[in-house]
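One structure below.
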Amino acid sequence: MASSATPPQPSGSTNFIKQIIEADIASGKNNGRVATRFPPEPNGYLHIGHAKSICLNFGLAKEFGGACHLRFDDTDPAKESMEYVESIQQDVRWLGFDWQGRRFFASDYFEALYDFAVSLIRRGKAYVDHLSADEIRDYRGTLTAPGRNSPYRERSIEENMELFQRMRAGEFRDGECVLRAKIDMASPNIVLRDPTLYRIKHVHHYRTGGTWCIYPMYDFTHCLSDMMEGITHSICTLEFENNRALYDWVLGALETPCHPQQIEFARLNLSYTVLSKRKLIELVERGIVSGWDDPRMPTISGYRRRGYTPEALRSFCDRIGVARADSTVDIGLLEHCLREDLNKRAPRFMAVLQPLKVTLVNYPEGREEELEAVNNPEDPSMGSRRVPFSREIYIEREDFLEDPPRKFFRLAPGREVRLRYAYFIRCEEVVKDPTSGEVTELRCTYDPTTRGGDAPDGRRVQGTLHWVSAAHAAPAEVRLYDHLFMRENPGEVEEGRHFTDYVNPGSLKVLQGCRVEPSLANAAPGSHCQFERIGYFCADPKESRPGRPVFNRSATLKDTWAKIAKQVKGR
RNA sequence: UGGGGCGUCGUCAAGUGGUAAGACACAGGACUUUGGUUCCUGCACUCGGAGGUUCGAAUCCUCCCGCCCCAGCCA
C-alpha cells in the first residue's frame with residue numbers, strides 16, 4: 001500500500017510576506033540573506049495551525065535560499081517537557097521539513113539572556129519591582145485609563161543590580177519580586193506599560209533542571225533569541241501584533257547589532273473543529289477523544305493516524321494562502337486535498353463494511369476462480385492483482401433495496417447489476433428472517449458469459465457493486481470518522497453552553513465484522529488504500545495487526561448517490 | 001468608550017489608479033466496470049456603507065458601520 005515520501009515544493013503563489021522579503025532582497029537588506037524560524041513552546045502537540053506556520057517558515061527559507069531554524073521557546077518550566085519536544089520534532093519531520101541541524105532552545109540562552117537583562121539594568125532601563133502580581137495589575141491601569149508608576153520604579157541602578165543578582169541566587173520566593181522594563185506606564189499600548197521581563201519560579205526545568213529559579217518572559221526572550229540566531233524575518237500570528245512594539249523596544253534599548261523584523265499573519269481556523277491548545281487539552285483530559293493522536297483531532301499526529309498524508313497537509317497549507325484577515329477555512333478543502341493526493345496514489349481494494357450474503361445459485365458448489373482487478377485506474381504502473389471468487393459472496397447491505405426509489409442503480413429483486421471485475425448477477429429471491437423480517441440472504445443467478453464484467457451481447461447494467469468472496473474474505477474492524485463537532489464554529493458558544501456540548505456523537509462509528517479481500521488481511525500499519533466505492537482508509541498505525549486489520553476512514557469518496565437520494569426522498 | 005489590526009463570490013484568496021485571477025463549494029452536461037476520477041459549462045456589472053478626487057477607483061481622500069487583538073509574574 002502507499003507510503004509518502006514526496007519532498008515539499010515551492011508553492012508558486014504569492015502573499016504579502018513574500019512581497020516583503022522580495023523587497024528586502026531587492027534593497028539589499030540583510031545582504032539578501034533570509035532566515036526564519038518555527039518557534040513552538042514544547043507544552044503540547046502540534047496541530048494543523050502549526051502546520052500552516054511550519055509550511056510558511058520552512059517554505060520561505062527554501063524559496064529564498066535561506067535557512068529555517070527549529071527553536072523551542074521553553075521559558076515556562078511549569079508546562080514544558082521533553083515528550084513534547086520529541087513529538088514536535090517527529091511531526092515537523094513527518095511533514096517533510098528538515099531544520100538541517102539548526103535546532104535551538106531558548107533555555108540554552110538563559111545565561112546570555114541574563115546578561116542582556118543586566119545590561120538593560122545598567123542602562124537604567126529595567127528595575128526590580130516588589131509589587132505583588134495583584135498590585136501590578138492594579139497599577140497597570142485599564143484599556144482607557146493610564147497606569148501609575150510603581151513605587152520601586154526609581155531604584156538606583158546599583159540597587160537593581162544587587163536585587164537582580166539576589167533574584168537569580170534564589171534569595172526570594174516565587175512572586176516576591178520581578179524584573180520590569182522601564183518604558184511608559186501611560187502608553188496607550190498596554191504591552192509597553194513596564195512589562196515583566198523576569199519572574200521567579202522555583203520550578204524544575206526539563207532541560208536546565210534546578211540551575212535557574214528566574215525565568216525570562218516571552219517578550220524578552222523571543223526578540224533576543226531571533227537576534228542571536230540571525231533571524232531576518234520573525235513571522236508570528238496576529239495576536240502578537242501589539243507585542244511588536246516591545247520586540248522592537250528591547251532590541252533598540254540594547255542596541256543590538258541586528259534587528260529582525262516581526263511580521264504577523266492570521267492564524268488558521270477550520271470549520272467544524274477547534275484549534276486552540278486549551279480546548280484540545282480539554283478534549284484529551286476529559287476523555288472525549290482517546291488522546292492527542294485520536295484520528296478526529298486536528299493535531300498533526302491525529303491526521304497522521306487518520307490517514308492524511310504530508311503531501312495533502314502541505315497542499316492544503318499552500319492553497320489557504322497567508323494574509324492578515326481573520327478567516328475560517330472550510331474543512332472540505334482539507335478533505336479535497338487528501339482525496340486529490342490519494343486518488344493518484346492509493347491502491348484500490350474491495351471491502352464490505354456491512355455484509356449481506358449473496359448465494360449464486362447457478363454457480364457450481366466448491367468451485368473457485370481468481371479474477372483480475374486493477375490496482376489503480378489512475379496509474380497503470382501500479383499493476384493488477386487477482387481476487388478470489390466463489391459461490392457465496394458478500395455485498396454491501398445498502399447496495400440492495402427491496403423497494404428501490406427512483407434513480408437507485410443498485411441491486412433489487414429481479415434486477416441485474418455487475419460485480420466489479422466479475423460477473424453480472426440477477427437477484428432472483430430474497431431470503432428474510434421469519435420473525436424480524438430482516439433480509440438475511442439474496443439468492444442470485446450469475447451470467448457466466450459476463451466474466452470480467454462485460455456482456456458479449458452488449459447489454460448494459462446501471463450499477464457496479466463491490467464484493468468479497470465469503471470463504472476467502474478476511475474479517476476486519478473499520479472505524480468511520482466524521483467531523484468532531486456538529487457546529488461549523490464550535491468556538492462560538494451560546495449562553496450557558498460549553499464548546500464540548502457541540503461534540504458530534506456520531507464522530508466515531510466502529511464497525512466489527514467487516515469483510516475485506518484477502519490481500520488486505522496483512523495491511524501494513526499506516527498504509528493507505530481506497531476501498532472502492534466507499535472511501536480512503538488507513539490501516540491504524542497503532543492497533544492494526546497482521547490477520548486482525550483495523551482500518552480508519554481517512555475520507556469518504558464523493559457520494560453523488562447520497563445527494564440524489566436526498567433529493568428523491570425530498571419529493 | 002484608549003491603542004493596534006482587519007473587511008473583495010457560500011468559504012479561502014489574488015489584485016498595489018487602467019476597467020474583478022485562481023481554488024474549494026455549488027449547479028448543469030459529457031465520459032465511466034468505483035453514482036469515484038477526468039473533461040466541459042455556469043457561478044462578484046462589483047469589492048462593508050455613504051460621499052469625494054480623477055478621463056478612469058476594490059486600489060487615493062473623508063466620514064460612518066462591523067469584526068478581531070491587548071489590562072498573565074502564559075506564549
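Both backbone and side-chain heavy atoms feed into the values below; hydrogens, waters and symmetry mates do not.
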Under-4.0 Å salt bridge between [X] and [Y]:
X      : Y      : answer
A:E340 : A:R319 : yes
A:K182 : A:D129 : no
A:E396 : A:R533 : no

Sticking with atom [atom1], work out how far [N] lies from [M], rounded to a whole angstrom.
N     : M     : atom1 : value
B:A71 : B:G4  : C1'   : 14 Å
B:U62 : B:A44 : C1'   : 26 Å
B:A50 : B:C55 : P     : 23 Å
B:A58 : B:U8  : P     : 15 Å
B:G52 : B:G22 : C1'   : 33 Å

From [options], nucleotide with atom closest to [X] side chain:
X      : options             : value
A:N343 : B:G10, B:U37, B:G3  : B:U37
A:R140 : B:G72, B:A23, B:A13 : B:G72
A:T144 : B:U34, B:U1, B:A13  : B:U1
A:E41  : B:G15, B:A75, B:A13 : B:A75

Counting distance alone, no hydrogens or angles: does the base of B:G10 have a donor or acceptor under 3.5 Å from a partner atom on the side chain of A:E488?
no
What do you reckon, do A:Y218 and the base of B:A75 stack, with centroid distance below 5.5 Å and planes below 30°?
no
For a quick check of understanding: with a heavy-atom distance under 4.0 Å over all strands, which category does A:T75 fall into, base, sugar-phosphate or nothing?
sugar-phosphate
Just checking A:T142: base, sugar-phosphate only, or nothing, at a heavy-atom cut-off of under 4.0 Å?
base
Using the rule ring-ring contact (aromatic ring centres under 6.0 Å, His included), only one of A:Y198, A:W249, A:Y114 pairs with A:F220; which is it?
A:Y198
Expressed as a whole number of angstroms, how long is the span from A:R267:CZ to B:C6:P?
18 Å
